[in-house]
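These notes are about the structure you will find just below.
All values below were derived from every heavy atom in this structure, side-chain atoms included, with hydrogens, water molecules and symmetry-related copies excluded.
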Amino acid sequence: MAGLQGKVALITGSASGMGKKTAQRLAERGVKIVINDIVPEKVEQTVQEFRAQGFEVMGKVADICNASAVAEMVKEAVERFGSVDILVNNAGMEKAGALRNLSEKDWDVTVNVNLKGAFLCSQAVHGYMVEKGGGRIINIASRAWLGGAGQAPYASAKAGLVGLTRTLALELGRKGVTVNCIAPGLIHTPMWDELPEKNRSAFLAKQPTGKIGEDDDIANAILFFVDDDASFITGQVFYVCGGRSLFAG
């Protein structure tokens, strides 16, 4: 892939799942990686695994909903590696339930992690990207931004992330920074494996492809956007959902 060797990527929520797989794929292409998560043990384990493979990596435990923690994380990354060329706003979580059962806390934590965190991280890195003359910001939204029963906080936060993507693309385009959004559908995670068979069957029945995605499917989409060959693409929502975005419900 063009121009990735020696670049620096900060990936939030990258000590497991899609974030970790993306970090692995980027590191294999010579990208220096900043692993971020909120669980110290997971960060340390991931950093050790990556170093054992010869990758250049640093770990940072930081709450992305805290502006000072984000600023410190970015500052340390720049001091260590010299820049931040790629930001993947991957960290996310969901508090689901019927409207009548959701609490204010459910709303706040979901919106803060999924939307506020992406705003704070983008704000913290964009100055370094502009100074260098270019960069890539990739936000991980969800097909759910189109709407989903029982997902009021999550769908709202992800819809906000799409809006943030479009706005930052307009603000930063002339500075050489592209901002794009990936909207995954059902992805194979430990949570999927824990679902009862009847639930999995119901979800699969709504999939046009009849199957769910894997971490690699998301990593592949991110690799596409960070490549120099994608420099004329910005402000876009790229669905990686097996066609699930074609209808609501």
Side-chain angles (χ1 to χ4, degrees), residues 11-25 37 39 42 88-115 117-118 138-166 180-225 230 233 235-249:
I11 306 166
T12 65
S14 51
S16 62
M18 295 187 299
K20 184 175 181 179
K21 175 63 71 171
T22 298
Q24 173 83 29
R25 298 286 298 280
D37 212 292
V39 182
K42 289 168 63 177
V88 182
N89 286 310
N90 166 76
M93 58 84 62
E94 178 180 11
K95 292 289 186 180
L99 182 60
R100 65 182 179 277
N101 296 327
L102 290 166
S103 67
E104 182 179 2
K105 184 177 180 181
D106 292 334
W107 175 273
D108 286 347
V109 69
T110 302
V111 173
N112 282 348
V113 172
N114 290 285
L115 183 55
I138 298 95
N139 297 319
I140 306 300
S142 168
R143 183 219 63 88
W145 86 273
L146 297 169
Q151 294 184 297
Y154 187 71
S156 299
K158 294 303 189 180
L161 199 53
V162 172
L164 180 66
T165 298
R166 293 168 64 92
N180 288 289
C181 186
I182 294 171
L186 287 173
I187 303 298
H188 192 183
T189 64
M191 188 179 298
W192 170 264
D193 292 330
E194 293 168 6
L195 286 173
E197 178 60 34
K198 65 176 183 179
N199 295 66
R200 284 186 281 176
S201 297
F203 284 127
L204 286 172
K206 296 181 178 181
Q207 286 291 113
T209 57
K211 64 179 183 179
I212 62 173
E214 302 290 341
D215 290 341
D216 262 329
D217 294 311
I218 306 305
N220 287 337
I222 293 170
L223 287 171
F224 168 73
F225 278 126
I233 303 171
Q236 303 306 305
V237 180
F238 185 21
Y239 292 98
V240 185
C241 63
R244 185 65 178 83
S245 63
L246 296 172
F247 60 95

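Residues Ile187 and Glu214 fail the side-chain proximity criterion, which asks for heavy atoms closer than 4.5 Å.
Of all non-hydrogen atoms in Phe225 and Cys181, the two that sit nearest each other are CE1-O, 4.4 Å. Residues Ile182 and Ile222 come closest through the heavy atom pair CD1-CG1, 3.4 Å. Here the closest non-hydrogen pair linking Cys241 and Ala183 is CB-O, 4.3 Å. For Lys95 against Leu102, the heavy-atom pair with the smallest separation is O-CD2, 3.8 Å. Between Lys42 and Ser16, the shortest heavy-atom distance links the atoms NZ-OG, 3.4 Å.
For the side-chain contact (heavy atoms from CB on, under 4.5 Å) test, no residue two or more places apart in sequence or in another chain qualifies with Ala205. Ser14 meets the side-chain contact (heavy atoms from CB on, under 4.5 Å) test with Ile11, Ile35; sequence neighbours excluded. The side chain to side chain donor-acceptor pair (under 3.5 Å) search around Glu197 returns Arg200, Ser201, not counting sequence neighbours. Residues meeting the side chain to side chain donor-acceptor pair (under 3.5 Å) test with Glu94, sequence neighbours left out: Gln151. Scanning for side chain to side chain donor-acceptor pair (under 3.5 Å) contacts around Ser103 gives Asp106, with sequence neighbours left out. Shown here are the side chain to side chain donor-acceptor pair (under 3.5 Å) partners of Asp216, two or more places apart in sequence or in another chain: Arg25. Under the rule for a side-chain contact (heavy atoms from CB on, under 4.5 Å), the partners of Ile212 that lie at least two apart in sequence or sit in another chain are Leu186, His188, Trp192, Leu204.
A donor-acceptor contact shorter than 3.5 Å is absent between the side chain of Asn90 and the backbone of Met18.
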Next on the checklist: I'd like to know whether Ile233 forms a side-chain contact (heavy atoms from CB on, under 4.5 Å) with Phe238, so could you lay out the CA-CA distance, the side-chain angles of the two residues, the decisive distance to 0.1 Å, and finally the verdict.
Outcome noted: CA-CA 11 Å; Ile233 303 171; Phe238 185 21; over 6 Å; no
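Atom CG of Leu146 and atom OH of Tyr239 lie 4.0 Å apart (nearest 0.5 Å). Of the inter-residue distances, the one linking Thr22 atom OG1 with Ile218 atom CD1 reads 8.0 Å to the nearest 0.5 angstrom. Rounded to the nearest 0.5 angstrom, Lys20 NZ and Asp37 CG are separated by 10.5 Å.
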Show me, pair by pair, the donor-acceptor contacts under 3.5 angstrom made by side chains of residues 154-166, not counting sequence neighbours?
from   : atom 1 : to     : atom 2 : distance (Å)
Ser156 : OG     : Ala152 : O      : 2.6
Lys158 : NZ     : Asn114 : OD1    : 3.0
Lys158 : NZ     : Ile140 : O      : 2.9
Thr165 : OG1    : Asn139 : ND2    : 2.8
Thr165 : OG1    : Leu161 : O      : 2.8

